Structure formats: C-alpha cells, structure tokens
Number of protein chains: 2
Amino acid sequence: MGKKKTTSAPPAGPRITPLDQLAEAAECLRVLAHPHRLRMLQLVRQGDFTVGELAAACEIVSPAASEHLRLMERCGFLVADQRGRRRYYRLAEEHVPHLTAILTCIESRFGAA
Amino acid sequence: MGKKKTTSAPPAGPRITPLDQLAEAAECLRVLAHPHRLRMLQLVRQGDFTVGELAAACEIVSPAASEHLRLMERCGFLVADQRGRRRYYRLAEEHVPHLTAILTCIESRFGAA
DNA sequence: TTGATATATCGGAATGTGACGATATATTGA
DNA sequence: TCAATATATCGTCACATTCCGATATATCAA
C-alpha cells in the first residue's frame with residue numbers, strides 16, 4: 001500500500017472546486033442546456049449569423065431566437081455587432097476553447113451531419 | 001448573408017446536429033447544471049462514495065443527495081451497488097470520457113483545489 | 001414621406017425544478 | 001428482540017423557464 005510515486009505524477013489532491021464556483025459553472029451549463037441554443041452555437045462557430053438566419057435554422061420565430069441570443073450574449077458566450085437593421089452574432093473569442101470542447105463532446109456523442 | 005465575410009472557408013458540411021439529438025444533449029446538460037451534482041461527479045471520478053459521504057461533501061442532507069444521485073443514475077451517468085445498508089456510487093464506464101471532458105473544461109475555467 | 005423588414009420587448013399560461021420537512025423502509029449491531 | 005443508522009420517498013411550496021401572441025422600435029427601400 002506504499003504509494004509508489006512515479007515521476008511527474010499529477011496532483012494527487014481530490015480535485016474539488018469550491019461550491020460557489022461550481023454554481024457559476026452550473027449557470028453556464030444551464031444556458032447551454034437548450035436544443036435551439038446548442039444549434040445556434042454550432043452555427044455561429046462557423047461565421048456570423050443574423051437573428052433571422054438563426055431562427056430559421058432552429059425552426060422558431062424570430063422573437064424566440066432574439067431572446068435566446070440575448071441570453072447567450074448577456075452571459076458572455078456571444079458577441080454581436082449591428083449592421084443596419086441586422087444584428088450579427090458570433091462566438092466570443094475568450095469562450096471559443098470551452099465552447100468548442102463542449103460542442104465537440106456533444107457531437108462525438110450525438111453526431112453531426 | 002454578410003458579404004464582408006471572408007468566405008474562404010471550405011464548403012465542408014455545416015456540422016449541424018438534428019434537433020431531436022440536441023434535445024437529448026440538452027437534457028444531459030441540464031442534469032449536469034447543478035453545483036451539488038457537479039461536485040458529486042468530481043468526487044466519484046476518484047472512487048466510490050456513499051450517499052452520506054457525498055451529502056457531507058456537498059453540505060446538504062442525505063435525502064437531497066439521494067435524489068440528485070438517483071437522477072444521475074437514471075440518466076446513466078452513475079451506477080451504484082448496494083453493500084449492506086450503504087449504496088456506493090461510481091461513474092458509469094461508458095460516460096467517463098464525456099464527463100471527464102466536461103469536468104476538465106469546468107476545472108480549467110473555474111479552478112480545482 | 002410611406003411601407004416593409006428585422007429585431008426587441010412585454011404579458012401571461014403552462015410547465016418543471018429544487019428545497020424542505022416529514023415519514024417510510026431496510027439493515028446493522030447490541 | 002430493540003434501537004440506531006443509511007437511504008428513499010412523498011407532499012408542498014416558491015421560483016424560474018419557456019413558449020406564444022401582441023405590440024413596439026428602428027432601419028431600409030422606393
């Protein structure tokens with residue numbers, strides 16, 4: 001039972017995260033936990049899209065898409081710039097790695113055409 | 001479509017997932033989207049734990065922990081075996097890769113002691 | 001200007017979730 | 001057997017979310 005310590009073993013600590021940090025993480029996950037929002041994220045990963053385009057891709061009306069997009073903008077996942085009467089959404093740079101990780105995980109499990 | 005976009009991207013498939021699959025994915029994410037459940041998953045990644053141990057680690061009462069654990073068991077994330085009056089939970093083998101990916105993502109963003 | 005388009009916002013109904021307390025069941029140990 | 005422990009279940013309540021329809025605002029096109 002002597003703990004044989006190999007070189008460069010990862011930190012053996014129990015790797016737990018404070019509960020208030022996990023609460024933040026859970027909030028982020030709740031934002032992701034919606035089929036239309038997931039599809040919107042899949043799309044904006046590949047370029048800019050307008051509210052109407054994303055609504056059509058999700059087969060929902062624009063007002064509904066607008067709310068989903070604003071939610072994701074408020075929590076920092078998306079950024080938008082307005083050009084004329086259109087509003088173009090794209091992924092926020094800082095979240096690209098995390099969102100990519102999660103979307104890749106989902107696609108590996110549920111497939112992507 | 002935005003014409004200012006540099007459309008040099010190859011016409012690779014838009015990598016979208018059918019909405020009903022995304023609905024399943026969203027359900028899974030909703031299960032994960034809770035601070036106590038996230039901590040439970042962090043713990044059971046490192047071995048088996050009883051309901052009471054997980055409740056203590058989350059600073060909640062056992063009945064609450066019991067419900068969270070049963071939810072994660074029903075959706076396939078956890079498996080349990082009963083030994084005496086204790087019930088030991090651990091990660092379901094088939095979900096280890098996906099859960100590891102997501103927990104790693106969370107820990108990289110929110111830290112883990 | 002007028003009319004059409006794109007997006008945003010509001011109100012309300014339906015639904016679901018989580019916390020909580022109380023109780024129930026089962027197993028161990030004395 | 002009895003009492004204590006470990007876990008499960010139930011009922012209820014407060015709260016948030018989602019969807020829908022209607023309306024509001026802003027911008028473009030003619």
Side-chain angles (χ1 to χ4, degrees), chain A residues 19-20 22-41 43-44 47-90, chain B residues 1-5 19-20 22-41 43-44 47-75 77-90:
Chain A
L19 281 176
D20 55 340
L22 289 179
E24 276 188 58
E27 237 179 286
C28 291
L29 288 176
R30 257 191 308 125
V31 171
L32 298 180
H34 191 289
H36 298 151
R37 294 197 285 264
L38 286 175
R39 170 161 285 185
M40 289 173 173
L41 290 173
L43 290 169
V44 296
D48 301 23
F49 286 85
T50 66
V51 175
E53 288 169 341
L54 293 168
C58 294
E59 304 164 28
I60 59 178
V61 293
S62 289
S66 175
E67 283 181 18
H68 288 305
L69 290 165
R70 269 177 145 22
L71 173 62
M72 293 193 281
E73 189 183 7
R74 275 199 303 275
C75 85
F77 289 163
L78 297 182
V79 294
D81 64 316
Q82 194 97 23
R83 295 207 286 277
R85 58 186 155 181
R86 306 243 167 87
R87 190 173 178 83
Y88 289 84
Y89 279 97
R90 63 178 190 281
Chain B
M1 310 282 222
K3 63 190 222 23
K4 120 174 210 248
K5 202 162 64 168
L19 280 177
D20 54 341
L22 290 179
E24 276 187 57
E27 237 178 285
C28 291
L29 288 176
R30 261 191 304 123
V31 171
L32 298 181
H34 189 289
H36 297 152
R37 293 198 286 264
L38 286 175
R39 169 161 286 184
M40 288 172 173
L41 290 173
L43 290 169
V44 296
D48 300 24
F49 285 85
T50 67
V51 176
E53 287 168 342
L54 293 168
C58 295
E59 305 164 27
I60 58 178
V61 294
S62 290
S66 176
E67 284 181 18
H68 289 305
L69 290 165
R70 268 176 145 27
L71 173 61
M72 293 193 281
E73 189 183 6
R74 274 199 303 274
C75 86
F77 289 162
L78 297 183
V79 293
D81 65 316
Q82 193 97 23
R83 294 208 286 278
R85 58 187 156 184
R86 306 240 167 88
R87 190 173 177 84
Y88 290 83
Y89 279 97
R90 62 179 192 281

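Each chain gets a letter, A, B and so on, in the order its sequence line appears, and its residues count up from 1. Just so it is clear, the structure is predicted and the values come from calculations on it, not from any experiment.
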I need the [atom1]-[atom2] distance between [X] and [N], as an integer number of Å.
| X | N | atom1 | atom2 | answer |
| --- | --- | --- | --- | --- |
| E73(B) | dT9(D) | CD | P | 10 Å |
| L32(A) | dT18(D) | CG | P | 12 Å |
| R30(B) | dA16(D) | CZ | P | 17 Å |
| Y88(A) | dA8(C) | OH | P | 13 Å |
| L19(A) | dG18(C) | CG | P | 16 Å |
| D81(B) | dT27(C) | CG | P | 15 Å |
| E27(A) | dT17(C) | CD | C1' | 15 Å |
| E59(B) | dC20(C) | CD | P | 13 Å |

For the residue pair [X] and [Y], what are the closest heavy atoms and their distance?
| X | Y | value |
| --- | --- | --- |
| Y89(B) | V44(B) | O-CG1, 3.9 Å |
| M40(A) | C58(A) | CG-SG, 3.8 Å |
| A25(A) | L38(B) | CB-CD1, 4.1 Å |
| E53(B) | T50(B) | OE1-N, 2.9 Å |

Restricting both atoms to N or O, compile the protein contacts to nucleotides 12-15 of chain C shorter than 3.5 Å, with distance only.
none

With sequence neighbours left out, the residues meeting ring-ring contact (aromatic ring centres under 6.0 Å, His included) with F77(B) are H95(B)

The contact string for nucleotides 19-30 of chain D, one letter per nucleotide 5' to 3', using protein heavy atoms under 4.0 Å with B, S and - for base, sugar-phosphate only and none, comes out as S--B----BB--

For Q82(A), the side chain to side chain donor-acceptor pair (under 3.5 Å) test, sequence neighbours excluded, returns R87(A)

Can you see if the side chain of [X] gets near the phosphate of [N] - specifically, an N or O under 4.0 Å from OP1 or OP2?
| X | N | answer |
| --- | --- | --- |
| R86(B) | dT27(C) | no |
| R70(B) | dA8(D) | yes |
| R37(A) | dT18(D) | yes |

Using a 3.5 Å cut-off and no angle test, enumerate the donor-acceptor pairs between side-chain atoms of residues 61-71 of chain A and protein atoms at least two apart in sequence or in another chain.
| unit_1 | atom_1 | unit_2 | atom_2 | d |
| --- | --- | --- | --- | --- |
| H68(A) | ND1 | R37(A) | NH1 | 3.0 |
| R70(A) | NH1 | E73(A) | OE1 | 3.4 |

dist R86(A):CZ -> D48(A):CG (nearest 0.5 Å) comes out at 13.0 Å

Here the gap from L32(B) atom CG to L22(A) atom CG, rounded to the nearest 0.5 Å, amounts to 12.0 Å

ask   = After noting the C-alpha distance and the side-chain angles of R39(B) and H36(B), does the key distance pass the side chain to side chain contact (heavy atoms under 4.5 Å, CB included) rule?
value = CA-CA 5 Å; R39(B) 169 161 286 184; H36(B) 297 152; 5.8 Å; no

- prompt: Step by step, would you call L41(A) with M72(A) a side chain to side chain contact (heavy atoms under 4.5 Å, CB included)?
  reply: CA-CA 9 Å; L41(A) 290 173; M72(A) 293 193 281; 3.9 Å; yes

Rounded to 10°, the angle between the first-five-pair and last-five-pair axes of the helix from dT1(C)-dA30(D) to dA30(C)-dT1(D) is 20°

